[in-house]
2 protein chains.
Amino acid sequence: MSTTEIDNLDREILRLLQKDALLTNKEISFTTRKSIATIHERIRRLKEQGYIERSVAILNRKKINRNLIAFSQVLLNDHTSTTLAKFEEDVVKFPEVMECFQMTGTFDFILRIATSDMDAYHHFYRHKLATLANITSIQSFFVLSETKSDTAYPI
Amino acid sequence: MSTTEIDNLDREILRLLQKDALLTNKEISFTTRKSIATIHERIRRLKEQGYIERSVAILNRKKINRNLIAFSQVLLNDHTSTTLAKFEEDVVKFPEVMECFQMTGTFDFILRIATSDMDAYHHFYRHKLATLANITSIQSFFVLSETKSDTAYPI
DNA sequence: ACTGAAAGATAGTAGGC
DNA sequence: GCCTACTATCTTTCAGT
């Protein structure tokens, strides 16, 4: 981690690019009232220093048949680093697993699972997730509706 | 929802752009062995038909001081549509709330909260979230480590 | 649907303030 | 750190298959 700090111009650029990664330098230079070359150099630095990790297209999941989102809370029966690491190694390989976080509290991991429907989730649960070693329990919760889903941090 | 289906070329383009939204048409045309104009037209259609919702820059949250991610499970004390809608309306306004889903099961909503640290979460909890109307309980779980966090659906 | 090529716009670089 | 000006590269359009 470098000691470099970002200023208000950097923050404004990050704010804009979090909303739309395809903005041209020209558009950003117009909004921020700086020259195109300045914007170009700032964005280069923000990437180089790791503030911007990557730019991605966000798809409409219903159009590509991911109608069901589940959160699955997993509890393991032992917490040696070997067991934890093995679970993580195996679970991230499943294409249904969009996210996996190790958590504090009454369970060990929370997974975000995307499937086409309940049948597909059931199949994932029975034939993939529940087959992994050292699982004590899995509790599943399903998304009824998406009120807010944002990738942009307020800056 | 239109009746239009996508073919293998569309799927390959979506796969590529989910990983890197800044790929040039030229690069995609090289990978897919199609002409630049073909790629250009395909991407235009994928956006127009709503497969691609938007393109965004993904930031390194630790560089911008969002070190703590919490999942907060919220239970309300009544489930009239008015109460549900009011909660949703209010909760999405908090900048700490990255995501809000209404859920099946033993609680009503799950929130993903991003703050700088536990003090900031505590402040959010006490002075923002817990002040909303009709809340019965809030249970908070904190991310210890991020094993996988992907925005790209396998296609 | 796809292609190649032209025209217009943008990214990226260099030199100066 | 920011600017103008220049060149390389890319996007976008279109006539042709």
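A, B, ... follow the sequence lines: proteins, then strands. Residue 1 opens every chain. Worth saying up front: this structure is predicted, and the values here are computed from it rather than measured.
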Give me, pair by pair, the N or O atoms of the protein and of nucleotides 11-14 of chain C that are less than 3.5 Å apart, along with how far apart they are.
{"unit_1": "C:dA11", "atom_1": "OP1", "unit_2": "A:Asn25", "atom_2": "N", "d": "3.4"}
{"unit_1": "C:dA11", "atom_1": "OP2", "unit_2": "A:Asn25", "atom_2": "N", "d": "3.2"}
{"unit_1": "C:dG12", "atom_1": "OP2", "unit_2": "A:His40", "atom_2": "NE2", "d": "3.2"}
{"unit_1": "C:dG12", "atom_1": "O5'", "unit_2": "A:His40", "atom_2": "NE2", "d": "3.4"}

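A centroid separation of less than 6.0 Å is found between the aromatic rings of B:Phe101 and A:Phe71.
Dense packing is recorded around NZ of A:Lys128, with more than 12 heavy atoms of other residues, nucleotides or ligands lying under 6.0 Å away.
The separation between A:Asn8 atom CG and D:dG1 atom P is 14 Å, rounded to whole Å. If you take CD1 of A:Ile39 and P of D:dC3, they are 8 Å apart, rounded to a whole angstrom. Residue B:Lys34 contributes atom NZ, which lies 5 Å from atom P of C:dC2 at whole-angstrom precision. Atom CD in B:Glu27 sits roughly 13 Å away from atom P in D:dT9 (whole-Å rounding). Atom CD of B:Glu41 and atom P of D:dT11 are 15 Å apart (whole Å). Rounded to an integer number of Å, the gap from CG of B:Leu9 to C1' of C:dA1 is 10 Å. Atom C1' of nucleotide C:dC2 and atom CG of B:Asp10 are separated by 13 Å, given to the nearest angstrom. Distance CG (A:Leu46) to C1' (D:dG1): 14 Å, rounded to an integer number of Å.
With hydrogens and angles left out, the side-chain atoms of B:Ser72 and B:Tyr121 include a donor and acceptor closer than 3.5 Å.
Ring geometry for A:Phe141 against B:Phe107 counts as tilted: the plane angle lies between 30° and 60°, on a 0 to 90° scale.
Using a 4.0 Å heavy-atom distance criterion, B:Arg45 is classed as making no nucleic acid contact.
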Requested in this report: Please test A:Ser149 against B:Glu99 for side chain to side chain donor-acceptor pair (under 3.5 Å), starting from the C-alpha separation and ending with a verdict.
Outcome: CA-CA 4 Å; A:Ser149 185; B:Glu99 298 185 302; 3.1 Å; yes
Query raised in the report: Should A:Asn65 and A:Asn67 be marked as a side chain to side chain donor-acceptor pair (under 3.5 Å) after you check the CA-CA gap, both sets of side-chain angles, and the distance that decides it?
Result: CA-CA 6 Å; A:Asn65 200 28; A:Asn67 294 287; 3.3 Å; yes
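Residue A:Ser35 places no side-chain N or O under 4.0 Å from the OP1 or OP2 atom of D:dT4.
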